[in-house]
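All chains are named by letter (A, B, ...) in the order of the sequence lines, taking the proteins before the strands, and each is independently numbered beginning at 1. These figures come from a predicted structure and were not determined experimentally.
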Amino acid sequence: MYLNILKRDLKRKKTMNIILLLFTILASIFVASGLSNVVTIMNGTDYFLDKAGIGDYVVITQNGNGGVLDLLKESKNVENYRMENCYWATKDNIKINNSSLKNENNTLVIQSIANKGIRYFLPDNSELTEINKGEIYVPASFLEKNAVKIGDKLQINLQDLNVEVTIAGEFKDALLGSDMMKSTRLIISEEDYKVFDQNEKMKPYQGCLYYIDTNNEKELTSELAQLSNILFNSGRSTIKLSYVMEMIVAMIVLVLSICLIIVAFVILKFVITFSIIEEFREIGVMKAIGIGNRKIRSLYIIKYFFIAIVGGIIGFIISIPFGSMLIKSVSQKMVLGNDSGIMLNIIGSLIVIGLMVGFTYLCTSKVKKFSPVDAIRNGETGERYKKKSLYSLSKAHTNPAMYMAINDVLSSHKRFITIILSFFLSSVFVFGLVLVVDTMKSKNLITVFGKESDIYITDSKIMNIELLGQEGNENLEEKYKEIEKDLADNGMPGQVSMEVWFKYNCYVDSKFYALTFQQNTKSKASDYEYIEGFAPEKVNEIAITPQISNKIGAKIGDIITIDFGVEKMDCMVVGYFQSMNQIGEVIRLHEDAPTSMEHAIAMMAFQIDFDDNPNEKEINKRIERIKELYAIEEVYDAAGYCTNTVGVIGTLEAVGLLLLIITCIVVVLVTVLMERSFISDETGKIALLKALGFKDRFILKWHIYRFMLVGILAEILAVALTVPITKLWCDPIWRMMGALKIKYCFNPLCLLVIYPGIILIITFAAVTITALYTKKISSRDMGNIE
Amino acid sequence: MANILEVKDLCKTYVVNKRQNNVLKNVSFEIEAGDMVAIMGPSGSGKSTLLYTVSGMDTPTSGRVLFDGRDLTSLKANELASVRLNDMGFIFQQMYMVKNLTILDNILLPAMEGKKENESRKDKVNRAKELMRKLSIIDIADNDINEVSGGQLQRACICRSMINKPKLLFADEPTGALNRAASAEVMDELVKLNQEGTTIMMVTHDAKVAAKCKRVLYFVDGNIKGEYVAPVDEELSLADKERRLNNWLMDLGW
């Protein structure tokens, strides 16, 4: 008999049951894929580095191995190591289809597939093991940056040795895959590599990469500090940090997954409660004829369990491609994964089924509290009296349809809070990402990279490698004068400077460190920003970052002995500053500190400060003129320089678009399903109004106003809370990258108009189309009224 | 007096599971302005269907309905809605009200949407309150619909039906869900309204209720079987009127 009741119920209340099923599927998709993604992302870079076999420590050398190999063989701090040989190149050594590479500013590392020390992965995450003669594999970022594709021909020219190869595919590189490493690996066949390897002229371009398993990183670092020719040496934690930008994206996907899970549960709880409330009269009748509480509850639990099973299975199936789609956006450069396979998806779906049954059990617990008469007469909450309406038509100054909408929201606030919460959660992270991207694209970040200037030139045609090295100081001075003269001759007089990075050994409390130093000899150290203390005003004063302070244990007032080569100098720490260079591990020198370009490891950009303080429009014109003057492309204003330096903005914008699409889909689904359930609940009310002479247009307006009111409220809340919520999840990420205090750039057009506008337009379209269903309700349906 | 409602050869057929059910069969009658007409008949005879069809809530299969000179059968849905809102009033057996509005707001709602009178909002509110005072329910103006008795609720429905000064008031079993005392109160109010000039057409089972009307149409199997005109003798008691009506109904097979 009870099976018959269940069958009839499923048939009779088709609409509500379908709505409930759809929400269950939605919840299952979000929870199952979300859980899988959370675990995958939490595994994050460790999973990738372990899979690649990076080890605990990495050393990269130029100009041969510089004694590193001998040290590794003898050191008691080394358990094991793997070695790769390579040749260093720049974009001037490579042509694509006989044209130069315009956008490639990274140093290029050319390697043979036969000599790999770690594993490289293809886009499907299988291992790259073979490359045929005449082929080359490149990272995806190389393809993107240089606008090339698989099948294009690449010409490598080193010391007049030429090799032509065809791009056969892309691969993922655990060590150099992140833009922050500023190097791009290109892998060719053993046969093609021999063309360079067999020639003595190539020796200065030789380099080595070592992947070391060590039990004492600090000691190993100390041992390596004595050696020259080391371009990079650092532990796994630094390599992990280099993926911090990609992990931002991954964290955003993780947060989105969590938000979707919360939305799913909020909606599910509401829909179950709502649909059970609908059936209070039936419950009352059953109680009146003597059916026990337990039997009544079991009837509903079985019904919702059945719906949950079906919804859970369908949701689980869809969650697999859905989760993969979300993860794909972050795993272009990394191998992200977890070893649980689809188990997590299954667990997620089971959680939804369990929760649905749990919600049903909780919602039907009210059954035992009320008498049959209460349940029949009052339905709903079982309370005898409803709350008075807060907003009276007699005092309202709006039209009746708007009044009905406002009154509904105020008198049934629980159901609308559910909608507001869903819209809010979905929107606030899209807005947060837009805020982060706009901040990255603005000049707000300039002070964490250096000092603000009018124009920055980073093109390698100007910033050529000959500026580094023994005669670098003279060459640099000449270059400054040359550029200043060119600018003056073209009516743009100004000062040219550059921030250079140096690597020097230093001692703190008799502990030895090899650290990175920043200096701009043409600008005062006091032109930069500091977060505590003072700018270095004397030659023997320095400023450090909090990261350096933690690393070497130095504070303001402490002394660090720096070995400049020509002299050792005791320098006092006088201030702290924040920097995203080297993920915050840098020290600022006074402009007159005795540095030499011989120890320089990198140049940031030629910075131009015009004498006549041009406005933004004029600066943009001058950028074009400088591009023309030198036939170069990479000339930027402060905001452009930040964008270029951060590098991951393209990915973030793509993720932002994906988030926006997902948000719109969630908004449409929630709107359609909730509106449909409201119509189902209000059939009698709508029929009554039609009987009294209210037109279809009135009903439509009432329903649309109602949803738009909550939509607008949700968007206002989301916009208002975007900055504080973004600070909550993004400030720790900035801190990881070296920036302690970031001023967010709130773009009013995007955050007040475009994005909320898109979401509201989608809401309007969804509710309008769904509300058209009310036209089918006629006065005859008045019998459905409570 | 001019006819406010003229029904000519009205038919209504429902098709259920491919079977035709002729609920109204060539019904014809008129109602004059100021009349109070009761439609009586056994269950399933088509009384409520007649009410909903002549009021424009349902569309007839064939025939004509002339309301105040306008052919309702030729009007579009929006025009019909406009006529119902501005020129008709409805009282339902189940006292349907909008749940989350107070009694006063339920009464006011049609006035706020109606376009008949060129009144300010304040005037409409005052008129609603005046109606409520007249029907002795002003004290429950701010109550929710669950906080009042059945009789009070039905009187509120009467106020709602009167707010736009309708030309014709339709009532479908207005006392069907009320006890005897409340029924008597509601009928007294309807009679008063009719005496003040409101034309009323009601469906009822109750001879006591019908006895208060000027005319009774006996409806059987989708058509009018007979028409009873109440005696105009004012000295006749209600009990006598009721007796005469009952005799007439019994003659017709009630």
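Side-chain contact check for A:Leu410 versus B:Asn100: every heavy-atom pair is 4.5 Å or farther apart. Contact annotation: the side chain of A:Leu688 never approaches that of B:Gln94 to less than 4.5 Å [non-hydrogen atoms, C-beta and beyond]. Looking at heavy atoms from C-beta onward, A:Leu692 lies in side-chain contact with B:Arg160 at the 4.5 angstrom threshold. A 4.5 Å side-chain heavy-atom check between A:Tyr403 and B:Leu101 finds at least one atom pair inside the cut-off.
Counting non-hydrogen atoms of other residues, nucleotides and ligands closer than 6.0 Å to CZ of B:Arg70 gives a total of 12 or fewer. No more than 12 heavy atoms of other residues, nucleotides or ligands lie within 6.0 Å of CG in B:Asp221, so this atom counts as exposed by the packing criterion. A 6.0 Å sphere centred on NZ of A:Lys701 holds more than 12 heavy atoms belonging to other residues, nucleotides or ligands.
Annotation: the span from A:Asp681 atom CG to B:Lys99 atom NZ amounts to 5.5 Å, rounded to 0.5 Å. Rounded to the nearest 0.5 angstrom, B:Asn106 CG and A:Leu393 CG are separated by 9.5 Å. One distance of note links CG of B:Leu109 with CZ of A:Phe698; it measures 5.5 Å at 0.5 Å rounding. Atoms CZ and OG, on B:Arg121 and A:Ser394 in that order, are 8.5 Å from each other to the nearest 0.5 Å. To the nearest 0.5 angstrom, A:Ser779 atom OG is 8.0 Å from B:Phe90 atom CZ.
Both the backbone and the side chain of B:Leu108 come within less than 4.5 Å of a heavy atom in chain A.
With chain B as the partner, the residue from A:Met404, A:Arg697, A:Glu682 showing the most heavy-atom pairs under 4.5 Å is A:Met404. Among the candidates B:Met112, B:Met88, B:Met57, the residue making the largest number of heavy-atom pairs closer than 4.5 Å to chain A is B:Met57.
Residues A:Pro400 and B:Glu113 come closest through the heavy atom pair CG-OE1, 3.5 Å.
Under the 3.5 Å distance criterion, with hydrogens and angles disregarded, a donor-acceptor pair is assigned to the side chains of B:Asp105 and A:Ser392.
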